[in-house]
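Lettering of chains follows the sequences in order, A, B, ..., and the numbering in each one begins at 1. Computation of the quantities below employed the complete heavy-atom set of this structure, encompassing side-chain atoms and omitting hydrogens, waters and symmetry-equivalent molecules.
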Amino acid sequence: MAGRPRLAVLKFTSCDGCQLSLLDCEDELLAIAGALEIANFAEASREVAPGPYDLALVEGSITTAHDAERIRQVRRESSVLVTIGACATAGGIQALRNWADVEEFTRYVYATPEHISTLDRSTPVHDHVTVDFELRGCPISKRQLLEVVNAFLNRRRPVIPTFAVCVECKRAGVPCVMVAEGTPCLGPVTQAGCGALCPSYRRGCFGCFGPMESSNAASLSNRWQELGAGSRELVDAFRSYNAYAEPFREAADAH
Amino acid sequence: MPTERTIDVEYLARVEGEGSLKAVVRDGTVELVEFGIFEPPRFFEAFLRGRPYSDAPDITARICGICPVAYQMSSCHAMERAFGATVGEPWRSLRRLLYCGEWIESHVLHVFLLHAPDFLGYESAIHMAADHREAVEKALRLKKIGNEIVTVLGGREIHPINVRVGGFYSLARRRDLEAVPLDEALDLARWMVAFTASLPMPDVELDFDFVSLRHPDEYPLNEGRIVSTSGIDVANDEWDRAFVEEHVERSNALHSRTVDGGVYHVGPLARYAHNADRLSEEARRAGADTGLPAVVRNPFRSIVVRAVETVHAVGEAIRIADAYDDTVDPFVPIAPVAGTGAAGTEAPRGLLWHRYEVDGEGRITEARIVPPTAQNQLTMEADVRAVLEANLSLPDDELQWRLEQTIRNYDPCISCATHFLRLEIDRG
Amino acid sequence: MALATDTAPANPLLPSVTTIVDRWDETDDTFTLSLAPPPGYRFEPGQFNMLYVFGTGEVAISVSGDPGRSGRLIHTVRGVGSVTKRLRELVVGDAIGVRGPFGRPWPVDAAVGGDLVVVAGGIGLAPLRPAILHALANRDRYERLVLLYGTRMPRDLLYRDLVSEWRGRFDMDVLVTVDNADRSWRGSVGVVTRLIPRAPFDPKRSTVLVCGPEIMMRFTGRELVRRGVDPASIWVSMERNMQCALAVCGHCQFGPSFVCRDGPVLRYDDVDELFEIREV
Amino acid sequence: DVTYVIDRAAIDRMIGRLRDEGFTVIGPTVRSEAVVLDEIESTDDLPVGVGDEQEAGHYRLVARDADTVFGAVVGPGSIKRFLHPPEAPVLRFVRSGAGFSLVAPAEAPRYAFVGVRPCDVAAVGVQDRVFLGGAARDATYAGRRDGAVFVVANCVRPGGTCFCASMGTGPRASGGFDVALTEVGDGEEHWFLAEPGSELGDDLLRDVGASEAPDAAEERVDELMTAAAGAMGRVLDTDGLADALRESLDSARWEQIATRCLTCANCTLVCPTCFCASVDDQTSLSGEEAVRVRRWDSCFNEEHSYIHGGPLRPSPSARYRQWLTHKLSSWVAQFGSMGCVGCGRCITWCPVGIDITEEAAALREEVAHV
Ligand SMILES: Cc1cc2nc3c(=O)[nH]c(=O)nc-3n(C[C@H](O)[C@H](O)[C@H](O)COP(=O)(O)OP(=O)(O)OC[C@H]3O[C@@H](n4cnc5c(N)ncnc54)[C@H](O)[C@@H]3O)c2cc1C
Ligand code: SF4
Ligand code: SF4
Ligand code: SF4
C-alpha cells in the first residue's frame, strides 16, 4: 500500500484522551487505517516506524527539557504538524503550575522531590515550533478530529470555526443557561467545537475549548459579577484547562 | 564465560504516565527488574489545593483520558463523604450505569485493541483486522455501545461534563438511553468471553495478594470495603492503616505497598477473586462455560476475566436502564462544610482511591490520589521477573514480546498497555 | 459530464458539470482555465461564475473571455487559498462545476459615444478583459479607448502578449506601471493612480471602469474625480466573501448592496462614502 | 369576515387533524427553563399555565393562570429553525469517473405551526422576500415553506422586550396566517376568538366545530388588542431611522458598544429574520462523496467577512455596526422593509443585554445633533 500518507500520533505531557479520540472513532477507525499508513502510534501499535511523516498529530504540552528537544525533532520529521487538545495548544491544566512554585508543588506530591526533573512552566507546542493547525478542546471532539484528517486527505481547509460556543448552542436550540437560569457561562468567550455540550446539559461552559477568535473576557467578567460571581470565581473560571491561553490568562490576571 | 543480558525498555510509554522497563540477567539469573515511570509530573494534587470542591470531578478526570469516569466517581464520593451528604437512589444507580459504560468501553479497548493482538501475534488490532476483520468489527461495535452509555449520561466519552458532586447537572432523557442497543451489547459481550477463552494461553500461576473493594450485595464499582487476600479489611477512610506509598528515583509516580511491606495486585483479577459470588447470573455462567475457576492466578488469563466483567457490566446497564426514570431531580443539593472524605472506587484497571480535605468555604486544602497503576507497579515488577525467569530460553524478540504482554496483562493504562516497548537485550 | 437530472427542478445552487479544455499559466500564481461552456451559456463583460471543485468548495471568478466568442469559457484565477489552489492543480479533462453568470455587468453601452477608460490593478484586469474585447469589437462606437494598468511587480503583469498587442494598436492607449520595478523594467514606476493625470481621455465625456484592490479603487476614484470625471460615470467592481451568489448567504454585503446581486459592478457615487469608512 | 369562538378542545382537534394530514406540528413547549418551538402532539405540550419575564439579557419562566394556554410570548427559538434550518445539506455529490454527479435530496417535511406569534409570521414574510423574492428561489427554504400552515396566537400580554407595535407586526396578526387565535380568559371564562386567514384556515375551523363569534366577543378582543399595543416593553421610533443610521457609520458609539459586545452572535441567531449562512463541503474519508452543508452563520463571526488576506471587519465595533445597520437600514434598500419585526429576542438573549432599541435611539439622537 505504498503512497498512502504516513501518520504519526505522538504524545507529550497529557492524559492520553485526545489520542484516544482517534481510537474512539469506532465507525471510521478501519477506514482511517486504510487511507493513512499508521507509521507511529504507540497507543495503537507496537510497530513504530521512523519519520518522516506526512501528518503528525501531537498531543500534550512541553514540560521537560527533553521534550522541548523532542518536539523540534518531530517538527523536522513532519510535513504537517497538527497539535491536538488543550495541553498541546495551550499548556493544559498542568499549566496551573505557571502561577506557582514548582518546587513546592514537587515537595507536596513526591516524597523525594530531588528525583523529579521538570520545567517550571507547561507551555503549548506553538511556543517551541511552528504549528500548521491547532485543534482545540479538553479533550478534542472526535468529529473535529475526523474533519481535520479528512481535510488533510482531501487537501482542503478544515471546517473548524473559531467563533463562540454560543453559535453552536443556538444552532442546537439550547436555551441559554446564562439568560434563562442565571448560570455563569464561558460560552461567549470560548471557541466552538464541542457542540455546546455543557449548556445542553444545563451547565455553564467552563471553557475547555479555549478562547474564541475575539474574546471579550472583560465584558463577560462584568456580567458574571452581576450574576453574583466574585473575583475568586472569575480567576478559577479562567484558570483551568486553557489557563495559559492569552485572553484567558489576561482575564484571570485582571482579577 | 559469564553472560549478561540487559533488557532495557526505554519507553514503556505511559503507565498513567510514560514508563520504562529495565531487566538485567546475569549468568542465567535475573538480577534486576525495574519498572519506572518517567511521564512528566503534572502535579494534580498540588494545584487542586485552593480550588472549589466542585472542580474535583472535572479536574481529576484529566489525569487519565482512558478512565475519566473513575476519577469523577472517586472524587464525587470522597467529597460527598467530606460533607456528610447522602446521595442515594436514583443517582447511585445512574452512577453505576455511567461506570458500566466506561468499563465496557475500557475493557473492550484493552482486550481487543491492545491485548488480544499479543496472544495472536499481531503488532496491532489494525494488523489483526486483516485476518480477523469480523472480530475487530464486533469489538469496535461493543466498544462503541459502551461509549454511547457514557455519552448519553455524561455528554461525551472522554472527560464527561455532566458529573457533579451530588449527582448530575441534568438527567439524560429516557428515550436517548433507550436508543442505546444494550441487548446487542449483551450478545457481543458473551461472544467476547468465548473469544478470549479461545486464545492461546501461557501457563503461569502466581501468588498474588489481591486488593479490591468488596460490597455486601454488588459486584463492586462505586462502593465497598477495601479487602485483601492477606486479610486487610478496612473502610475507605482507613487507607493509611493498610497501605503506604513510596517514591523511588527511577520513577515519577509513587508506588504502594501494604503496611507490612507486601506487594499487592489490584484490577480485574483482584475484583474477581474477592467478588466472583457477586457477579450477575449471566456473567457467572459465561465464565463457567469457559471453565474459569473462582480465583484466577494466571495474569494472562485476566483477558478472560475482563470479558466476564464486561458481560456483568452490560447486564447491570440493562437492569438500570430498564428502571430509569428521567423525571427526578438531577442532583442532591450540596452544602459544603469543612471536613475530610475518602473514597475508593473500582476503575477498570483497579482500585482508585481519593482523599480530600475541604475548608468551610468548600475549597480544597489537601488532596491525595492513589491510582491503580501506582499500586500495581511492584507486583508488575515481580510478575515480569517471574515471567523472565520462566522464559530465559526464548530468543530475544520472543522474550521481548512476552514481557510486553506481561505488562499489558495489567492494562496499566492505554499507551503502556499498547505495543510500545523498545526492548534491548544485551547479552554482555 | 452528464449530470443526473432526476432531481427537483432548477435548484439555483446546482452547478453544471463541465470539463477543462485547456489551461495555461499567466504568472507565478495566476493561471487561465478554458472550459467547455454549458449549453446555451452567455455572459456580459463583468459578470462572474461560481466555479466548484469537487469536495473542496466553490469560488466566485469573473469571466475573462471574449463575449463575442461563445466557444470557450475563460477564467483567469490567482491561486490564493484552498479552492483557487486546487483549481490550479486541475488538468485538461478534469471535471469542474459552473454556476452563472451572476451579477451586474460593466455598463459598456452607457459609454457609447464617449471615451472608455479602463483602470486595472493586478488580477483586476481579468474581469475587465471582456469589456476591452467588447469595446475593440465595437471600436467605432467609442471615442478614445484607454487602459491604465498597474501591478506590484513586472512579473505580476497579466496577459502580456495581449497587452503588448493592445499597445501596438493605434486605436487604443495603453499605459502600464509597476509599484516596484526590477532591472528588466523600462516602463513607468509608481501606483496606477499616478497615470490618471496624464492619461489621454476627456474627463467630461468618459466612462471609467475600475477594478483592483479596494484601496486602489478608492484612490483611483478620488483621482478621477479630481481630474473632473463625473462620479456617476465611474464604475468599480467589488470583492467580498461570497458563498451563494444568490443574495441569500449574506456574506457579500457592502453597505446596502449585495455584491453578487447589485454588483459586482457598482457606481462610484453609490459607494464613495462607504469607501471612506473603515471596515464596511 | 366571519370569525369564530372555540375552546381548548377544538385546538386539540385542530392539532390532531393537521397531524392526521401528515403535518409535523410545531408549537411552543417548555424545555429546561424556557419556551422553545418543537414538535407537539396536543395542547398538553403547550406551555399551559406558564408565562415569562423578559428583560435585556434576562429571561425567566413564571406562573400564569393555571389554564392559560398562550401565556408565554416568544422564546429563543423561532420558525427560522424549521424553514431555514441551522444545518442542512443543500447538495450531495458523488464522484463518477473523472467527474461527479448529483444525488437527489431528501424530501422536506411539511410543517404546521401552532401557537406562534404575529411577529413570527411577519418574520416568515421577511424571510420569504430573502429566499423567494429574488431571481432564484432558494430550494431548501422553498421546499419547507411551501404549504406550511400557520395558526397564530395573538399577543394579549406582550413581553418585556417586545416592540412589535413599533414595527407594525403585532400584537395582532394582520396577515400571513391560516388561523389567528386570541385567548380570552380571566379565571371565570376561557375561550379563543379564531379568525380564519385563508380558505384552509376556514375549513380547519369549521371542521373542528367552531361556532360563529358574537359581536361582543369581537369587541372584547379589540379592546384586549388595543391594550396590548400600549403595553409593549420596548418602543422603537422607525420614522426616518433607516436614513439616520446611514449617517451614523462613523459614530463613536460603535466603539462604546463594542466594549460590551461579546461578538458571540446570539442576537443574530435568535433573530427570526437573520439569514446569513455559510456553505462548506463535507467529504467522506475516501473522497468519493461530498455534501454541501449550509449552516447558520453570523456577521459577528470573523470568517463572515473573510477574503484572502484576512477579515474585512476585524473589529467588534464594525461587526455590531454591520448587524444593526443591516437590520434597521440597509435591509430596507435590499428587501423593501426593515429586517426587524420587533420580537425582542436579540435584547433578551444577548448575554450582556445590549438593546437594539436603545442603541438605535441613541445613534439617531447623535446623528440629529451633528
Ligand atoms: C465577484 C467576484 C469576482 C472575482 N473574480 C476573480 C477572478 O476573476 N480571478 C480571481 O483570481 N479571483 C477572483 N475573485 C476572488 C476569488 O473569489 C477569491 O480569491 C477566492 O474566493 C478565494 O478562495 P480560496 O478558497 O482559494 O481562498 P481562501 O482564502 O482559502 O478561501 C476563502 C474562503 O475561505 C474562508 N477562509 C479561508 N481562510 C480563512 C481564514 N484564515 N480565516 C477565516 N476564513 C477563511 C473564507 O470563508 C472564504 O470563504 C473574485 C471575487 C468576487 C467576489
Ligand atoms: S448558554 Fe452559554 S454558550 Fe449557550 S448561548 Fe448562553 S452564554 Fe452562549
Ligand atoms: S461547553 Fe465549554 S466546557 Fe463544555 S465541553 Fe463545550 S467548550 Fe468544553
Ligand atoms: S432585530 Fe431583534 S427585535 Fe428585531 S426581529 Fe431580530 S431579534 Fe427580533
Side-chain angles (χ1 to χ4, degrees), chain A residues 25 27-28 30-32 34-36 146-147 149-159 161-185 187-190 192 199-202 212-220 222-224 226-227, chain D residues 30-38 52 54-61 75-77 81 85-87 258-270 278 280-287 290 293 295-298 300-304 311 314-316 319 348-354:
Chain A
C25 296
D27 292 338
E28 299 86 3
L30 294 178
I32 292 171
L36 289 152
L146 282 171
E147 166 61 15
V149 171
N150 194 318
F152 171 81
L153 287 170
N154 285 291
R155 286 181 305 142
R156 58 177 173 79
R157 204 174 67 91
V159 182
T162 53
F163 50 55
V165 171
C166 298
V167 175
E168 290 184 324
C169 199
K170 284 292 177 289
R171 283 181 185 165
V174 174
C176 175
V177 299
M178 195 143 70
V179 170
E181 305 187 51
T183 304
C185 180
V189 297
T190 301
S200 62
Y201 281 79
R202 292 180 66 179
M212 53 82 93
E213 57 196 15
S214 48
S215 300
N216 188 345
S219 173
L220 186 66
N222 288 338
R223 182 65 184 148
W224 274 43
E226 287 165 15
L227 293 173
Chain D
V30 173
R31 191 196 308 160
S32 56
E33 303 303 315
V35 170
V36 302
L37 290 182
D38 205 346
D52 52 23
Q54 301 200 31
E55 252 314 315
H58 176 93
Y59 179 99
R60 289 294 181 278
L61 291 180
R81 161 167 303 280
E87 176 167 337
T259 62
R260 295 169 63 209
C261 175
L262 301 166
T263 58
C264 65
N266 268 301
C267 48
T268 51
L269 302 169
V270 292
S278 59
D280 293 297
D281 268 31
Q282 217 165 277
T283 36
S284 63
L285 271 177
S286 64
V293 185
R295 297 185 183 88
W296 285 356
D297 196 0
S298 164
F300 283 93
N301 297 338
E302 209 166 83
E303 192 172 337
H304 187 274
S315 69
R319 293 186 226 168
T348 301
W349 298 97
C350 171
V352 292
I354 297 174

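A donor atom on one side chain and an acceptor atom on the other are not found under 3.5 Å apart for N301(D) and E303(D).
Contacts of R223(A) with chain D are made by side-chain atoms alone, with heavy-atom separations under 4.5 Å and no backbone atom involved. Both the backbone and the side chain of N150(A) come within less than 4.5 Å of a heavy atom in chain D. Using a 4.5 Å cut-off between heavy atoms, S298(D) makes no contact with chain A at all. Contact annotation for A217(A): neither backbone nor side-chain heavy atoms come within less than 4.5 Å of a heavy atom of chain D. A290(D) does not touch chain A: none of its heavy atoms, backbone or side chain, sits under 4.5 Å away. If you measure heavy-atom distances from T268(D) to chain A, you find no contacts under 4.5 Å at all. Proximity to chain A (any heavy atom under 4.5 Å) is restricted, for D281(D), to the backbone atoms N, CA, C and O. With a 4.5 Å cut-off on non-hydrogen atoms, E87(D) does not touch chain A at all.
Counting heavy-atom pairs closer than 4.5 Å to chain D, the top-ranked of the candidates L153(A), V165(A), V159(A), V149(A) is V159(A). No other option in V352(D), T283(D), V35(D), D52(D) has as many heavy-atom pairs under 4.5 Å with chain A as T283(D). For the set P175(A), A151(A), A35(A), A164(A), the count of heavy-atom pairs under 4.5 angstrom toward chain D peaks at P175(A). For the set V179(A), N216(A), V167(A), the count of heavy-atom pairs under 4.5 angstrom toward chain D peaks at V179(A). In terms of heavy-atom pairs under 4.5 angstrom with chain D, the leader among E181(A), M178(A), E226(A), R157(A) is E181(A). Of the listed residues (R31(D), R295(D), Q282(D)), the one with the most heavy-atom contacts under 4.5 Å to chain A is R295(D).
Partners of S214(A) under the side-chain contact (heavy atoms from CB on, under 4.5 Å) rule, at least two apart in sequence or in another chain, are M212(A), T263(D), R319(D). Residues passing the ring pair (Phe, Tyr, Trp, His ring centres under 6.0 Å) test with Y59(D) are W349(D), sequence neighbours excluded.
Salt bridge annotation for E147(A)-R156(A): present, with a cationic side-chain nitrogen under 4.0 angstrom from a carboxylate oxygen.
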Pair L37(D)-R81(D), side chain to side chain contact (heavy atoms under 4.5 Å, CB included): steps then yes or no:
CA-CA 9 Å; L37(D) 290 182; R81(D) 161 167 303 280; 5.9 Å; no
Kindly indicate, with the supporting measurements, whether the criterion side chain to side chain contact (heavy atoms under 4.5 Å, CB included) is fulfilled by F163(A) and E302(D).
CA-CA 7 Å; F163(A) 50 55; E302(D) 209 166 83; over 6 Å; no
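Note: L220(A) CG to L227(A) CG = 9.0 Å, rounded to the nearest 0.5 Å.
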